There are 2 protein chains.
Amino acid sequence: MSLPHAILTALLEKPSSGLELTRRFDRSIGYFWSSTHQQIYRELGKLEQAGQIRALPSAQPARGQKKEYEVLPAGRAALSAWVALREDPKQIRDPLLLRMRAAAVVGAPGLDAELRRHLELHRKQLAEYLAIEGRDFPPERNSEEDRLRHLVLRGGIDLENFWIGWLTRALDGIPATGSSPSAG
Amino acid sequence: MSLPHAILTALLEKPSSGLELTRRFDRSIGYFWSSTHQQIYRELGKLEQAGQIRALPSAQPARGQKKEYEVLPAGRAALSAWVALREDPKQIRDPLLLRMRAAAVVGAPGLDAELRRHLELHRKQLAEYLAIEGRDFPPERNSEEDRLRHLVLRGGIDLENFWIGWLTRALDGIPATGSSPSAG
DNA sequence: TCCTTCATGTAACGAGTTACATGATTTG
DNA sequence: CAAATCATGTAACTCGTTACATGAAGGA
């Protein structure tokens with residue numbers, strides 16, 4: 001039940017069309033709630049049906065033409081209600097950890113290469129977050145909204161740092177299979 | 001495409017019935033790949049159909065009676081092939097971070113209480129992992145399989161530590177609402 | 001017998017993914 | 001006009017969740 005609320009949040013920050021939302025999900029919002037355009041159009045339809053958003057009057061309902069949405073009072077109310085909900089943290093569900101556990105049973109030739117690849121990807125993602133932080137959250141800006149958004153970004157940064165640390169330690173602890181053929 | 005491989009891994013570690021698997025998923029395996037008995041039975045059926053596992057001969061195919069499965073060579077091969085696959089890390093998708101971002105837009109009365117609640121849950125989970133670590137990975141045990149399984153558990157421990165650190169910093173950075181309802 | 005627990009399932013639905021379809025606008 | 005790109009959608013499928021159904025075994 002999170003995607004519609006991610007969309008409402010995005011539309012409150014700035015009224016947008018489906019494709020614009022998709023692009024914003026690829027950038028800032030998708031860093032903690034990713035989505036595809038198919039899902040977004042589907043949800044926009046439902047939200048409009050439910051009277052929580054509406055297409056701006058300037059937009060004709062013709063296929064292939066841009067259609068901008070804005071949030072209606074009912075949508076804002078629904079988002080407020082959702083923010084107040086309690087929700088337990090989800091259990092971890094990570095394919096890489098699962099691969100590792102499986103590797104303990106059936107063997108893991110090449111797993112170290114995959115760990116190195118992930119390490120590199122997380123380093124890149126971290127660099128991207130840090131660039132965003134430097135651009136969007138200079139020390140002087142300190143409104144309440146900025147502080148909350150900065151905390152969210154910090155979550156992403158800390159999470160990448162967790163992965164980098166764990167992967168580094170993991171690579172120290174398992175034998176390499178690339179150039180030194182000591183494991184079988 | 002991970003659940004069948006989680007099941008194959010679990011069955012290689014120890015042949016089990018559906019309910020036994022469910023309980024093992026609630027304990028060790030579910031710490032990085034959670035599942036319900038409905039999903040497990042569904043997958044067991046598919047894996048049996050595919051010739052990757054089979055019911056032990058001693059088990060009759062009667063409804064309501066225990067049915068133990070073991071992995072066939074084809075299943076082990078499929079698992080080995082899956083372990084060798086590359087898979088990019090998934091994008092973050094976390095309702096709490098999303099709530100925080102939404103709170104930056106529509107306001108956040110009571111969000112600090114929810115953060116405190118999550119902090120407590122993560123502390124409990126961390127304590128549980130540390131207990132498992134102390135029980136299952138004493139310093140003297142050091143086989144290759146143990147090392148990999150220990151790394152997986154370390155992933156869980158480090159992840160809980162990430163959340164505890166982030167939530168603590170977040171609570172320092174946002175104003176408290178409500179008098180002090182944290183008794184309980 | 002009735003109740004509980006163990007054990008194996010079915011059914012229906014929602015969320016997410018992948019592939020494809022259709023129309024409008026720009027530009028060569 | 002043709003092709004590329006912008007933009008909005010449909011369809012089909014898998015995975016995960018929730019609620020419910022069915023049967024067996026053991027004890028009050």
Side-chain angles (χ1 to χ4, degrees), chain A residues 1-8 11 15-26 29-30 32-50 53-56 58-69 82 85 87-95 98, chain B residues 1-8 11 15-26 29-30 32-50 53-56 58-69 82 85 87-95 98:
Chain A
M1 278 285 292
S2 288
L3 180 58
H5 304 103
I7 291 176
L8 288 170
L11 287 181
S16 304
S17 68
L19 197 62
E20 282 164 3
L21 277 177
T22 303
R23 283 177 183 146
R24 291 172 62 199
F25 270 77
D26 283 344
I29 299 168
F32 51 89
W33 201 273
S34 62
S35 194
T36 60
H37 82 269
Q38 291 89 339
Q39 253 190 303
I40 287 168
Y41 283 117
R42 190 205 260 160
E43 285 300 328
L44 283 172
K46 285 188 198 171
L47 286 168
E48 191 177 21
Q49 202 78 17
I53 64 173
R54 66 161 184 180
L56 290 180
S58 60
Q60 307 93 320
R63 184 171 184 144
Q65 272 175 336
K66 194 190 234 179
K67 199 164 145 197
E68 287 214 308
Y69 292 94
W82 179 80
L85 287 183
E87 191 170 355
D88 284 354
K90 283 256 180 291
Q91 299 261 58
I92 306 167
R93 205 175 248 168
D94 189 279
L98 183 58
Chain B
M1 276 285 293
S2 289
L3 179 57
H5 304 103
I7 290 175
L8 287 170
L11 287 180
S16 305
S17 68
L19 196 63
E20 282 163 4
L21 278 176
T22 302
R23 285 177 181 146
R24 291 172 62 198
F25 270 76
D26 283 343
I29 300 168
F32 50 90
W33 202 274
S34 61
S35 194
T36 61
H37 82 269
Q38 290 90 336
Q39 253 190 305
I40 287 169
Y41 282 117
R42 191 205 257 160
E43 285 301 328
L44 283 172
K46 285 189 198 169
L47 287 169
E48 190 177 21
Q49 202 78 17
I53 63 174
R54 66 161 183 180
L56 289 181
S58 59
Q60 307 93 317
R63 182 167 187 150
Q65 273 175 336
K66 195 190 230 180
K67 200 164 144 196
E68 288 215 305
Y69 292 94
W82 179 80
L85 287 183
E87 190 171 355
D88 284 354
K90 285 257 179 288
Q91 299 260 61
I92 305 168
R93 204 174 252 168
D94 189 281
L98 183 59

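Convention: sequence-line order gives letters A, B, ...; per-chain numbering from 1. Computed over heavy atoms, backbone and side chain alike; hydrogens, waters and symmetry mates excluded. Just so you know, these numbers come straight off a predicted model, no measurement behind them.
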Would a distance-only check, ignoring hydrogens and angles, find a side-chain to backbone donor-acceptor pair under 3.5 Å from B:Ser34 to B:Gly30?
no
Report yes if the side chains of B:Leu47 and B:Leu11 come closer than 4.5 Å at any heavy-atom pair, otherwise no.
no
Length of the CG-P vector between B:Leu44 and C:dT10, whole Å
12 Å
A:Leu19, nearest nucleotide to its side chain (from C:dG9, D:dC6, C:dC6)
D:dC6
Between C:dT5 (P) and B:Glu20 (CD): distance, integer Å:
19 Å
Going by an N to O cut-off under 4.0 Å, is there a salt bridge joining B:Lys46 and B:Glu43?
yes
Between atom CD1 in A:Ile40 and atom P in C:dA15, what is the gap in whole Å?
15 Å
Just the rounded figure in Å: distance from P of C:dA7 to CG of B:Leu56.
15 Å
When the distance from NZ of A:Lys66 to P of C:dT26 is rounded to whole Å, what number comes out?
11 Å
All N/O contacts under 3.5 Å from nucleotides 15-19 of chain D to the protein, with atom names and distances to one decimal?
residue	atom	partner	partner atom	Å
D:dG16	OP2	B:Gln39	NE2	2.5
D:dG16	O5'	B:Gln39	NE2	3.2
D:dG16	O3'	A:Arg93	NH1	3.4
D:dG16	N7	B:Arg42	NH1	3.0
D:dG16	O6	B:Arg42	NH2	3.0
D:dT17	OP2	A:Arg93	NH2	3.3
D:dT17	O4	B:Arg42	NH2	3.4
D:dA19	N6	B:Gln38	NE2	2.7

Between B:Gln91 (CD) and C:dT17 (C1'), how many Å, whole number?
14 Å
Would you indicate whether the side-chain heavy atoms of B:Met1 and B:Glu87 approach each other to under 4.5 Å?
no
Quick one: are B:Glu20 and B:Glu68 in side-chain contact, heavy atoms under 4.5 Å?
yes
If I take atom NZ in residue A:Lys67 and atom P in nucleotide C:dT25, what distance separates them, rounded to the nearest angstrom?
15 Å
Could you check how far CD of B:Gln65 sits from P of D:dG26, rounded to whole Å?
11 Å
Would you mind reporting whether A:Tyr41 and A:Thr36 have side-chain heavy atoms less than 4.5 Å apart?
no
